[in-house]
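Just so you know, these numbers use all the heavy atoms, side chains as well, and skip hydrogens, waters and symmetry mates.
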Amino acid sequence: MPISAVDAVGPAIEHTKEQLLRPFRAAQWAKLALVGFLAGELSSGGCHGSSFSGPHTGSGHLPLPHVNPIAFALLIALLIVIGLVFWILFLYVSSVMRFILFDSVIAKRCEIRSGWGRRHGAGLRYFVWQILFMLATLVALIVLVGIPAALALAAGWLKDPSQHMIPLVLGGMLLFFVVAGVIFLSLVVHVLTKDFVVPEMALENVSAMEGWRRLLPMLKSERGNYAGYVGMKIVMALAAAVVVGIVTLSVILILLIPVGGFGVIAVMAGKTAGLTWNLYTITLAVVLGCIVLAVLLYVVSLISVPAIVFFPAYAIYFFASRYPPLDALLHPPPPVAPQMPPLPPPLLPPEPGPIA
């Protein structure tokens with residue numbers, strides 16, 4: 001029988017305790033942190049940037065006397081291209097890790113290498129779906145913003161906005177709510193895809209579109225229950241973000257003390273050695289900043305492991321009562337005891353023969 005969004009909380013909490021604490025395994029915790037980070041399952045995270053500054057001029061700008069403007073522009077363009085390539089690569093890895101996280105929660109054991117070989121095909125299909133969905137959302141936002149802007153420009157409202165303040169304000173408010181609605185709808189679709197379509201793709205080897213075709217009748221038949229699920233997940237995600245955020249901030253502040261000290265020593269050593277901002281020092285600063293950011297994000301992921309396990313488990317227990325293949329995987333039937341072969345009939349003593 002389908003359970004409600006509230007009833008799925010208890011089994012998900014018990015599942016999280018059993019997987020993480022009974023017994024506690026540091027290696028599994030570290031693997032789940034990596035998989036959760038790469039799968040984009042962090043419930044809360046923050047990045048605190050610091051600027052590598054040298055002597056300032058009177059106008060408050062950092063002098064860059066040894067930086068060729070053309071080389072600097074090429075460096076920025078190269079970094080943008082590299083960033084785009086890494087984003088696409090990360091999205092593909094994240095798509096495969098989504099299935100590995102699903103398997104890890106079901107089996108209560110995280111196996112990255114074997115999971116990658118088993119799930120890269122489904123992850124590729126999910127990756128294509130994410131790319132197409134992002135492009136569709138981007139096109140929708142461009143159309144929603146571009147058409148009203150073009151109409152306002154054609155009507156002359158933008159040339160003299162003070163004379164058309166009322167329609168601009170009202171139109172801007174309406175446009176804001178429409179854009180916010182589209183963004184919220186896209187987030188809901190993303191959540192439903194990773195929570196309910198991914199299990200279908202994992203268990204039946206279907207595409208994301210086929211998974212959505214099967215999910216839509218379920219959504220229509222239980223609108224209230226699925227809306228309650230989304231609402232419960234939003235509330236629990238906010239609560240988890242507050243708790244994990246407080247712990248994360250405390251840990252990061254502790255970690256930033258040695259990191260900041262190392263940065264000060266590096267700056268002072270660079271000044272002593274006569275180093276200035278140039279193409280090489282800027283590149284080195286960017287690389288070191290990315291390494292520090294990656295370490296901090298992994299620390300956040302380590303802290304967020306309970307949330308990384310709980311939220312997929314919550315989705316699994318809610319959906320399993322509505323999706324028989326997942327329920328059969330989550331609650332396998334008990335093993336049947338082997339039947340003993342029937343015993344042969346007891347041997348009777350031989351009948352006495354006739355007396356001669």
Side-chain angles (χ1 to χ4, degrees), residues 12 15-16 19-20 25-45 47 83-134 186-187 189-208 211-212 233 237 240-241 244 248 290-291 293-317 319 326 329-330:
H15 183 107
T16 304
Q19 181 166 356
L20 297 181
R25 295 165 293 177
Q28 285 291 307
W29 193 289
K31 288 182 180 179
L32 286 168
L34 178 61
V35 171
F37 167 66
L38 294 177
E41 191 61 30
L42 290 182
S43 63
S44 174
C47 304
L84 181 61
V85 171
F86 269 95
W87 177 79
I88 294 176
L89 179 62
F90 179 85
L91 187 62
Y92 169 69
V93 173
S94 174
S95 300
V96 181
M97 288 297 175
R98 171 57 53 185
F99 290 89
I100 296 178
L101 180 60
F102 171 76
D103 292 338
S104 301
V105 174
I106 289 290
K108 299 179 182 177
R109 183 181 65 256
C110 184
E111 299 293 342
I112 299 177
R113 182 179 300 177
S114 60
W116 183 275
R118 185 173 63 255
R119 294 301 191 185
H120 74 274
L124 179 60
R125 291 192 294 270
Y126 184 49
F127 166 73
V128 173
W129 156 265
Q130 291 198 90
I131 291 290
L132 296 178
F133 180 69
M134 288 179 184
S186 67
L187 292 176
V189 171
H190 172 70
V191 170
L192 296 180
T193 302
K194 73 182 183 67
D195 287 355
F196 303 141
V197 175
V198 164
E200 295 178 330
M201 298 174 66
L203 299 182
E204 300 191 57
N205 197 28
V206 298
S207 65
W212 263 106
K233 190 156 189 180
V244 176
T248 300
C290 291
I291 294 175
L293 179 61
V295 172
L296 292 179
L297 288 177
Y298 184 68
V299 171
V300 174
S301 186
L302 281 173
I303 298 171
S304 305
V305 165
I308 288 172
V309 174
F310 169 78
F311 283 103
Y314 176 64
I316 287 171
Y317 279 94
F319 193 49
L326 181 57
L329 184 63
L330 193 62

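Annotation: side-chain contact (heavy atoms from CB on, under 4.5 Å) contacts of L203 (sequence neighbours excluded): F102, Y323, P325, L326, L329. Taking L302 as the reference, W29, A33, Y298 meet the side-chain contact (heavy atoms from CB on, under 4.5 Å) condition, with sequence neighbours excluded.
Formation of a donor-acceptor pair under 3.5 Å by the R98 side chain with backbone atoms of A39 is found in this model. Under a 3.5 Å cut-off, the side chain of S94 and the backbone N or O of F90 do not form any donor-acceptor pair. With hydrogens and angles ignored, the 3.5 Å screen pairs no side-chain donor or acceptor of S95 with any backbone N or O of L124.
Judged purely by distance below 3.5 Å, without hydrogens or angles, the side chains of S104 and E111 never pair a donor atom with an acceptor atom.
Considering all non-hydrogen atoms of both residues, G211 and V206 come closest at N-CG2, 4.2 Å. In this structure, A313 and H15 approach most closely via the heavy-atom pair CB-CD2, 4.1 Å. Across all their heavy atoms, Q19 and V309 have their closest contact at OE1-CG1, 3.5 Å.
Looking at heavy atoms from C-beta onward, F127 lies in side-chain contact with I88 at the 4.5 angstrom threshold. Proximity of F37 to I308: side-chain heavy atoms (C-beta onward) are nowhere separated by under 4.5 Å.
From S304, atom OG reaches atom CG of L32 across 12.0 Å, with rounding to the nearest 0.5 Å.
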Take M201 and F99 through the side chain to side chain contact (heavy atoms under 4.5 Å, CB included) test and state the conclusion after the steps. CA-CA 9 Å; M201 298 174 66; F99 290 89; 3.8 Å; yes

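Within a 6.0 Å radius of CZ in F86, no more than 12 heavy atoms belonging to other residues, nucleotides or ligands are found.
Ion pairing of D103 with R109 is absent here, as no side-chain N (NZ or NE/NH1/NH2) approaches a carboxylate O to less than 4.0 Å.
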